[in-house]
Protein chains: 2
Amino acid sequence: MKGKDAEADWHGFASCEDCGIRDLVLFADLDGQDLETIHLPIEDIHLAPGASLYGAGQEAVALYTVREGLLKQEQYLPDGTLRIVSLLRRGDVAGLEALVAAEYEHTTVALQPAKVCRLPKELVSRLSPKLHRQLMNKWNGAVQRSHECTRELSTGTARQRVARLFLILAAADSASCRLFSREDMGGLLGITTQTASRIVAEFKRQGAVHEVAPNLFERSLDALRRIAAEG
Amino acid sequence: MKGKDAEADWHGFASCEDCGIRDLVLFADLDGQDLETIHLPIEDIHLAPGASLYGAGQEAVALYTVREGLLKQEQYLPDGTLRIVSLLRRGDVAGLEALVAAEYEHTTVALQPAKVCRLPKELVSRLSPKLHRQLMNKWNGAVQRSHECTRELSTGTARQRVARLFLILAAADSASCRLFSREDMGGLLGITTQTASRIVAEFKRQGAVHEVAPNLFERSLDALRRIAAEG
DNA sequence: CGGGAGCTTGAGGAGGATCAAATCATGTGG
DNA sequence: CCACATGATTTGATCCTCCTCAAGCTCCCG
């Protein structure tokens, strides 16, 4: 168990004008003039793996656009089990529910080193008409992420799920792909950490993946696709 | 396999002014004046169980607000398996993605007799500013439904999942609760139809539920909650 | 060097899938 | 009205996957 809550690391202010992924973020439709009217500075936050952005039940005061890295969103079951219900990546927005609710629905934690921009909810509300189109896009992205988790990562045998996870991560990182802890794999795939470990080991043995550094893998997409599709 | 596609039954025009669930639907924030500017009539559609509203990949031309009943949203996996990724009920909106995409993401089918209102996407786009707040609410609802499916219905043992399904349906219908086909239960819970059948039978034997008519159940919420929470 | 956290691996057992067959419900045509 | 076909549900028997419990292992840090 790790609970490093304060590792969310304030890192300075972001300049929206020359954001590298301007076309992906919530502010994509704003022009230079609009950006000037934002006198609140946008905070640039860096997260180490394991650092949490916000917790379920906390007062929802800001949205976060993901510029880099990978985050998980988790919720508790009635019986106390922790389940990862969605993954967030570059271009996604964490905490959209701040716009309609008083509290966050999930705990959101970095799986890989991440960089996010913090957007106070009043700011977004104020710009809301201009952001309308992008907000729809982001909501739609949230729905798709979540359906992807049910469809690809919570269906079929454990081997299929692990293979599909590698394939999904493949889309993110291009060449090699960084994997996270076995415990998180379990929470995401709905299997135990032991099973996750066993299957990764098996994939290594049969050459579907190759570990070039601790938790850094090269993948044989063909082999993985074969496993993902049947048995 | 059942593919009754044309059973979506046009049933006349709806009158928004005296909608029984005005406060729940997308148009909640519109006033009488706004409603008059809608010269397009709103179609009122009735769906029999098994009737489909639209299919994945079809051109997305309309949104549908659910006034009554229960719908499923399903998607295909790479290997051809069909998986239910979300349930929709009274107040939810089907096909929100029409606002941002050209095609529907899911196939949406009635599980129980349902009544929906068809809202052409141009109409919603035109009213968009006025609907902004409600649109956010509906998107948020879509995300929550989906997370609920992952969290409650795709986690834990088959017994737990079935018990949680009964509890979720309990919230919808008040006294007794109508269940759908074992095949759909399987697709929703990520188990086989046989297992679904076995567990429902077991629940009947041990008195957790009682079948008063074919597929109509009374539930012992306490017993179900006990099962849902552990073993 | 010793401790701790995460990862790996093993043995055993339970839960669920699979294959197969019997029962039940519905509808159709004779 | 009955014989029959069709499809869903139930139940049984067997096998395999994955969970559980438990022990080693590796790496890092004090």
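Residue numbers start from 1 in every chain, and the chains themselves are labelled A, B, ... in the order their sequence lines are given, proteins ahead of strands.
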(message) Looking at every non-hydrogen atom in both residues, tell me the closest pair between A/L189 and A/R161 and how far apart they are.
(response) O-NH1, 2.5 Å
(message) Listing request: all ring-ring contact (aromatic ring centres under 6.0 Å, His included) pairs with a residue in residues 90-111 of chain B, at least two apart in sequence or in separate chains.
(response) A/H147-B/H106, B/Y54-B/Y104
(request) Rounded to the nearest angstrom, tell me the gap between atom NZ in A/K204 and atom P in C/dT8. (result) 5 Å
(request) Not counting sequence neighbours, list each pair that qualifies as a salt bridge (charged side-chain N to carboxylate O under 4.0 Å, His left out) and has a residue in residues 45-61 of chain A. (result) none
(message) As a test of your reading of the structure, name each stem of DNA chain D as range with range, where a stem is three or more consecutive Watson-Crick or G-U pairs at under 3.5 Å.
(response) C:1-6 with D:25-30, C:8-11 with D:20-23, C:13-30 with D:1-18
(message) In whole Å, I'd like the distance from the CZ atom of A/R159 to the C1' atom of D/dT17.
(response) 11 Å
(request) Ignoring the backbone of A/T192, work out which of C/dA17, D/dT20, D/dT11 is nearest its side chain. (result) D/dT20
(request) Find the distance B/E202:CD to D/dT9:P and express it as a whole number of Å. (result) 18 Å
(request) Measure from CG on A/L216 to P on C/dC7 and round the result to the nearest Å. (result) 15 Å
(request) Please name all residues satisfying ring-ring contact (aromatic ring centres under 6.0 Å, His included) with A/F166, sequence neighbours left out, ordered by chain then number. (result) A/F217
(request) Write out all pairs satisfying salt bridge (charged side-chain N to carboxylate O under 4.0 Å, His left out) with one or both partners inside residues 186-208 of chain B, taking only residues at least two apart or from two chains. (result) B/R159-B/E202, B/K204-B/E211
(request) Could you state the atom-to-atom distance from CZ of B/R161 to C1' of C/dA17 in whole Å? (result) 13 Å
Quiz: residues 90-98 of chain A side-chain donor-acceptor pairs under 3.5 angstrom, not counting sequence neighbours:
{"unit_1": "A/D92", "atom_1": "OD1", "unit_2": "A/R145", "atom_2": "NE", "d": "3.4"}
{"unit_1": "A/D92", "atom_1": "OD1", "unit_2": "A/R145", "atom_2": "NH2", "d": "3.2"}
{"unit_1": "A/D92", "atom_1": "OD2", "unit_2": "A/R89", "atom_2": "N", "d": "2.8"}
{"unit_1": "A/D92", "atom_1": "OD2", "unit_2": "A/R145", "atom_2": "NE", "d": "2.8"}
{"unit_1": "A/E97", "atom_1": "OE2", "unit_2": "A/E105", "atom_2": "N", "d": "2.9"}

(request) Return the nearest nucleotide to the side chain of B/A158; candidates are C/dG16, D/dT9, C/dC7. (result) C/dG16
(message) Taking the P atom in each of D/dC19 and C/dT18, what is the distance between them to the nearest angstrom?
(response) 16 Å
(request) Could you tell me which residues satisfy salt bridge (charged side-chain N to carboxylate O under 4.0 Å, His left out) with B/K138, sequence neighbours excluded, listed by chain and number? (result) none
(message) Give me the atom names and distance for the closest heavy-atom approach of A/T150 to B/S154.
(response) CG2-OG, 4.1 Å
(request) Specify the residues of residues 193-201 of chain B, ordered by number, for which at least one heavy atom lies under 4.0 angstrom from an atom of DNA chain C. (result) B/Q194, B/T195, B/R198
(request) Would you mind reading off the distance between B/F180 atom CZ and D/dA8 atom P, rounded to a whole angstrom? (result) 16 Å
(message) Rounded to whole Å, how long is the line connecting atom CD of A/E183 with atom P of C/dG4?
(response) 18 Å
(request) Take atom CZ of A/F203 and atom P of C/dT9, then tell me their distance rounded to the nearest Å. (result) 14 Å
(request) Apply side-chain hydrogen bond (donor to acceptor under 3.5 Å, both in side chains) to A/E152 and list each qualifying residue two or more places apart in sequence or on a separate chain. (result) none
